[in-house]
Amino acid sequence: MRVLEDPIITQIIETDEPHTLGSAAVAAAKLLLAGEVVALPTETVYGLAANALDPAAVARIFAVKERPAFDPLIVHVRNLEAVREIAEVPSEIEDAVTKLANAFWPGPLTLLLPKKAIVSDLVTSGLPTVAVRVPSHAVFRRVLKECRLPLAAPSANRFGRISPTTAAAVEKELGGRIPLILDGGACGEGLESTILRVTRPPGSPKAVLEVVRAGPVTREALKQFGIVKKGSREPRPDAPGQLSSHYAPTTPLRLLAEGEGFSPEPGKTYGLLSVDGEPGRLNLSDFAEVAVLSPGSGKLSEAAIRLFALLRQLDESGVDEIIAEPVVEQGLGAAIMDRLRKAAGCG
Ligand code: TXA
Ligand code: MG
């Protein structure tokens, strides 16, 4: 593929002022309408966007990311009406979907719905469902408005690597492979969207919400909208974000159990991913690098926002192994632990 063989110049455009946002969005829309890929900020992580209705443009996403074609993409649109142009909302889940949309869109929730024929099979890897979401980031929304296309967009990293939460991280991952990155600053959520399969078994008064990927919209927040279940883990995962090697730094990462101690092996260097910088039983002097997820408030939202950037920092620091402390598996903590387990290769 051209994109991988010949490096191209990657332009980065700032979007921090209203007039720069407008012209940046026009530049991005022009490329997208021409079948190109563009990296855009969302409230979760940066995405690599292309026209979801154009198989050649979608193929370019897979080539640039070196992503296997069996891993389907999320399609981003402006609102629930636009969702209905690309997906069916079966009558038995109409009520639940409308309520979820009202509560969480625009925002970090992705729904799996039966796909309409207009969506390229490449987007869904041949699956009968399409993953859809309505992002809230002002830059992404402005681009959607300019180009008037549904945009397929996976996280803007090479396959299996850590999702980027800044334009600089996108440049490291995909610089020289894509023509444009819109810089919208650091992402506000820091973790990829929650993915839900919504069904309603015959006779059930409530919808069943199967969490296929944990994310910023927590189980606790979903409870009032249906019966929340953990996503199934089939041998061939139909959400390969569930693959156990996903989100992996190149440095080995070990996730400690709650209260577990650590003793260094002589001659090896270690980096610590600490929750609050007060690692109880651990000895800070055992670590060449210490990164603190939540140095200020100790809150999980702060930890989520910082997680991928700190993983990258530890990965680049040259230590032999990263040791990660566990977080409490409640609320956002469930999504953080999901990503840490995957980074440790035991997702
Ligand atoms: O927050 C996010 O969701 C970010 C931003 C850019 O929107 N996107 C993102 O995309 O995380 P990606 O491709 O890195 O992860 C999408 C996940 C994959 O694990 C994929 O397998 C799953 O969504 N997925 C997509 N379509 C699916 C489908 N029809 N059925 C099951 N899983 C699906
Ligand atoms: Mg991804």
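Keep in mind that what you see is a predicted model, and the values were worked out from it rather than measured. Whatever order the structure lists them in is the order used to number ligands and atoms, beginning at 1.
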- Message: Heavy-atom count check: over 12 atoms from other residues, nucleotides or ligands less than 6.0 Å from Glu81 CD?
- Response: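 Result for CD/Glu81: enclosed.
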Looking only at heavy atoms of [X], does any of them come nearer than 4.0 Å to an atom of ligand 1?
X      : answer
Pro108 : no
Arg67  : yes
Thr124 : no
Arg133 : yes
Val212 : no
Glu189 : no

[X] heavy atoms, cut-off 4.0 Å: which ligand 1 atoms fall inside?
X      : result
Ile195 : 17 (C), 22 (C), 23 (O)
Ser155 : 8 (N), 9 (C), 10 (O), 12 (P), 14 (O)
Leu127 : 28 (C), 29 (N), 30 (N)

- Is any N, O or S atom of Asn157 under 2.8 Å away from the Mg ion (ligand 2)?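 Short answer: no, not a single N, O or S atom is under the cut-off.
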- Angle class for the Phe262/Phe287 ring planes (parallel below 30°, perpendicular above 60°, tilted otherwise)?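 Taking Phe287 first and then Phe262, their aromatic rings lie parallel (interplane angle under 30°).
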- Message: Going by side chain to side chain donor-acceptor pair (under 3.5 Å), name the pairs with one or both residues in residues 97-106, residues two or more places apart or in two chains.
- Response: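 Those involving residues 97-106 are Glu94-Thr98, Asp95-Lys99.
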- Item | Non-hydrogen atoms of Asn157 and Ser155 that approach each other most closely |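 Reported closest heavy-atom pair: OD1-OG, 2.6 Å.
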- Item | For Ala207 against Val198, the heavy-atom pair lying closest together |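 Residues Ala207 and Val198, closest heavy atoms: CB-CG1, 4.2 Å.
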- Item | Tyr46 ring center near Phe308 ring center (under 6.0 Å) |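 For Tyr46 and Phe308, the ring centres are not under 6.0 Å apart.
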- Applying salt bridge (charged side-chain N to carboxylate O under 4.0 Å, His left out), which residue pairs with at least one partner in residues 102-129 are found, sequence neighbours left out?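 Pairs touching residues 102-129 that pass the test: Lys115-Asp121.
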